[in-house]
Amino acid sequence: RDENSITASRRIGIVPFADGELLLKHEGQAKKIQAIAHCFDGSKLAVNIEIQKNGLLKIPLKERLKNNALVEWMEINFDK
C-alpha cells in the first residue's frame with residue numbers, strides 16, 4: 001500500500017474472479033512488470049510482462065492456472 005493512485009503505484013494487488021484481461025494505463029517509468037499469481041494451494045507462478053510505449057499494460061487474468069490451481073490473488077510489481 002502507498003499513497004499513489006492505481007496508475008502510479010509501484011505495487012498493485014488484483015483478485016481475478018474469471019478469465020479475462022486487465023488493461024491499465026500506467027504513468028510510471030517502468031518498462032516491464034512482474035505478475036505473480038498466488039494460489040490457494042500455496043503455489044506461485046511469476047511472469048514478466050512488457051509495458052507498451054504508450055504506458056498501456058495488458059495483464060492476462062486466469063481464475064485457474066494450467067495445473068488447475070485456483071488463483072487467490074495476483075501481485076503486480078513495476079520495475080524501475
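Predicted, not measured: the structure shown is a model, and the values here were computed from it.
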Grouping I, L, V, M, F, W and Y whenever their side-chain heavy atoms are under 4.5 Å apart, do Val47 and Ile14 come out in a common cluster? yes
Heavy atoms only: give me the nearest Ile33-Ile76 pair and the separation to one decimal. CD1-CG2, 3.7 Å
Compare all side-chain heavy atoms of Phe78 with those of His26 and state whether any distance is below 4.5 angstrom. yes
Enumerate the residue pairs fulfilling side-chain hydrogen bond (donor to acceptor under 3.5 Å, both in side chains) with a member in residues 34-45, sequence neighbours excluded, ordered by first and then second residue. His38-Glu75, Asp41-Ser43
What pairs of donor and acceptor atoms, side-chain ones from residues 48-65 against any protein atom, are under 3.5 angstrom apart with sequence neighbours left out?
unit_1, atom_1, unit_2, atom_2, d
Asn54, OD1, Leu56, N, 3.0
Arg64, NH1, Asn68, O, 2.8

For residues Met74 and Phe17: do they belong to one hydrophobic cluster (side chain heavy atoms under 4.5 Å, members Ile, Leu, Val, Met, Phe, Trp, Tyr)? no
Show the nearest heavy-atom pair for residues Asn77 and Arg11, with the distance to one decimal. OD1-NE, 3.1 Å
Mind jotting down which residue pairs meet the ring pair (Phe, Tyr, Trp, His ring centres under 6.0 Å) criterion with at least one end in residues 48-71? Sequence neighbours excluded, please. none
Can you pull the ring pair (Phe, Tyr, Trp, His ring centres under 6.0 Å) pairs that have at least one residue in residues 39-70, sequence neighbours excluded? none
For Leu23, look at atom CG and say whether over 12 heavy atoms of other residues, nucleotides or ligands are found less than 6.0 Å away. yes
